[in-house]
Protein chains: 2
Amino acid sequence: MSGSRVERPLARGRGIPEATVARLPLYHRSLVALRERGVTTVSSEELAAAAGVNSAKLRKDLSHLGSYGTRGVGYDVDYLVYQVARELGLTQDWPVVIVGVGNLGHALANYGGFTSRGFRVAALVDNDEALAGELVNGLPVYPLAKLEQIIAEHHVSIAVVATPGPVAQDVCDRLVAAGVTSVLNFAPVPLQVPEGVDVRKVDLASELQILAFHEQRKQMSLLTPLTALAPLPPRTEAAG
Amino acid sequence: MSGSRVERPLARGRGIPEATVARLPLYHRSLVALRERGVTTVSSEELAAAAGVNSAKLRKDLSHLGSYGTRGVGYDVDYLVYQVARELGLTQDWPVVIVGVGNLGHALANYGGFTSRGFRVAALVDNDEALAGELVNGLPVYPLAKLEQIIAEHHVSIAVVATPGPVAQDVCDRLVAAGVTSVLNFAPVPLQVPEGVDVRKVDLASELQILAFHEQRKQMSLLTPLTALAPLPPRTEAAG
DNA sequence: AAGCCCTTGTGAACGAACGCACAAAGTCGT
DNA sequence: ACGACTTTGTGCGTTCGTTCACAAGGGCTT
């Protein structure tokens, strides 16, 4: 077995659990909403309610960023907004390239939440010649041939793949070769990327199917009594 | 109150882990792709590679559905496609209502992956009077006032919320009151729903922010050696 | 200043998910 | 028919994530 050397699991600025990172945007948004309502101080209980999470989880999440609260009082909204934003990298400018200007790419280019908060659509790219030069949300569409040039000139490190599935991997390969190290993938295929490149998948069809799974279960449990579903359900106390 | 009752960690009915359910759509899609290429038998190793997951994880996932493989051979593609589809509820028809026909709702209405595989857009609904009656992807847009009627007549149990954030909760409440028990939420707010209603969130801005977080860390680790990261970050609260 | 009250931050228990490694169980060659 | 080979299905240890419960620590009142 390996040595018993205790390695510090959570350094101050690093080692933030992935589950926590995934919730930081949620907290950030809730905090901004509170700030816009004029709230200056918020307790973990209130913020947790606004974000729809458990308050203990919220406190532990925030504790990974540092001790930004005041015991007996709560968190200063302004200060916490800034800290979360800084941790998420929202205090810097992120030029983003969107590849694929179909229905989805169109919507993304127009989507307000995409362009705000540090992100800026550097360019729209599509391989359809007919689209080249057209304006979408005030942004011109460039041909796919210019992809590498755009990435280099704008120092793009984050790309959005909104192409049809069959070409997504090719596009992704070109993106990575050109220097992109983070990809948000809307295409219904699992993208293969080398070490060091992050891919996050947004799969609309999958989400619906997951809902359908649970929906089917609900319908089944309505039609048949519980005893018919499980072989021998112990007659424990009924909840509620 | 956000302190919700302890919901069963495993999926309702038979105990299929939630993490497994979330991957079933992925397997289903990979299997369909294999079938279309004429593949009739697939090993866990091959299917796992196609889906981009660990093969042991794939086998354990599939084992929750039943013993559908043949040792020494693999899985029959046709058979497995059917079993996964049945488990996901894709063998039945799911009428879906999309509320909010903005950029995103427009894209969703046109999105092929949404309408295929058991799902069917029963109606598009928007509160913008100007849109009423317009055709999107061959489907008419109905006014919000008809929401309850549509849900009842089409027996809709799954709804997509693609409205602006501020009205999402109101729309959701009406959906639930009208009988919807599964909601796919694209609005950037956490929806509150009663027990028994499922909500899945697709948050485009959050996904980008999560990528930005990791991207920032990559850049930091390139610029500074690891030893420079360990000390406490200066608490510069005078910023701004 | 001291004590009370409030909320944060966290140790610890619990539970879920992952992945290794292997036994079980089938096929195929001889 | 039998043994070698292949691949599934799964027991088990490890890691990751969630939640409880409470001590630590700050503010407020007296």
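Throughout, protein chains are lettered first and strands after them, A, B, ... in sequence-line order, and every chain is numbered starting at 1.
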### Task
Among L26(A), V42(A), D78(A), find the one that has a side-chain contact (heavy atoms from CB on, under 4.5 Å) with L31(A).
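Of the listed options, the one satisfying the test is V42(A).
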
#### Entry: Short side-chain donor-acceptor distance under 3.5 Å, H214(B) and E18(A)
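Side-chain D/A pair, E18(A) to H214(B): present.
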
Distance check needed: [N] [atom2] versus [X] [atom1], whole Å only.
X      : N       : atom1 : atom2 : answer
K57(B) : dT15(D) : NZ    : P     : 16 Å
Y75(B) : dG26(C) : OH    : C1'   : 13 Å
L65(A) : dT8(C)  : CG    : P     : 14 Å
E18(B) : dT18(D) : CD    : C1'   : 15 Å
E45(A) : dT8(C)  : CD    : P     : 8 Å
L58(A) : dT19(D) : CG    : C1'   : 14 Å
H64(B) : dA17(C) : NE2   : C1'   : 10 Å
Q83(A) : dT8(C)  : CD    : C1'   : 16 Å

### Query
Should S44(B) be listed as having a side-chain N or O under 4.0 Å from OP1 or OP2 of dT7(D)?
no

### Task
Report yes if a side-chain nitrogen or oxygen of Y68(A) is closer than 4.0 Å to either non-bridging phosphate oxygen (OP1 or OP2) of dT7(C); otherwise report no.
no

### Task
Assign T20(B) to base, sugar-phosphate, or nothing according to its heavy-atom contacts below 4.0 angstrom with the strands shown.
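The residue T20(B) makes no contact with any strand.
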
### Task
Might you point out which heavy atoms bring W94(A) and Q219(B) nearest each other, and give the distance in Å?
CZ3-NE2, 3.6 Å

### Message
Restricting to non-hydrogen atoms, name the atom on S55(A) and the atom on A48(A) that form the minimum distance, rounded to 0.1 Å.
### Response
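S55(A) and A48(A) have their closest heavy atoms at CA-CB, 3.5 Å.
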
Using 0.5 Å steps for rounding, measure from the [atom1] atom of [X] to the [atom2] atom of [Y].
X       : Y       : atom1 : atom2 : answer
T20(A)  : L65(A)  : OG1   : CG    : 8.0 Å
L175(B) : I158(B) : CG    : CD1   : 12.5 Å
S157(A) : K218(B) : OG    : NZ    : 7.5 Å
D61(B)  : S44(B)  : CG    : OG    : 11.5 Å

### Task
Tell me which of G66(B) and A19(A) sits closer to the 5' end of DNA chain D, going by the nucleotide each one is nearest to.
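Comparing both residues, the 5'-ward one is G66(B).
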
### Nucleotide nearest S43(A) when distance is taken to its side chain, options dC18(C), dG9(C), dT8(C)
dT8(C)

#### Entry: Check ion pair E87(B)-R217(A) (N to O, under 4.0 angstrom)
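Result for this pair is yes, salt bridge flagged.
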
Nucleotide N/O to protein N/O under 3.5 Å, stretch nucleotides 1-3 of chain D:
none

### Task
Let me have a per-nucleotide readout for nucleotides 20-30 of chain D, 5' to 3', with B, S or -, counting only protein heavy atoms under 4.0 Å.
BB--BBBS---

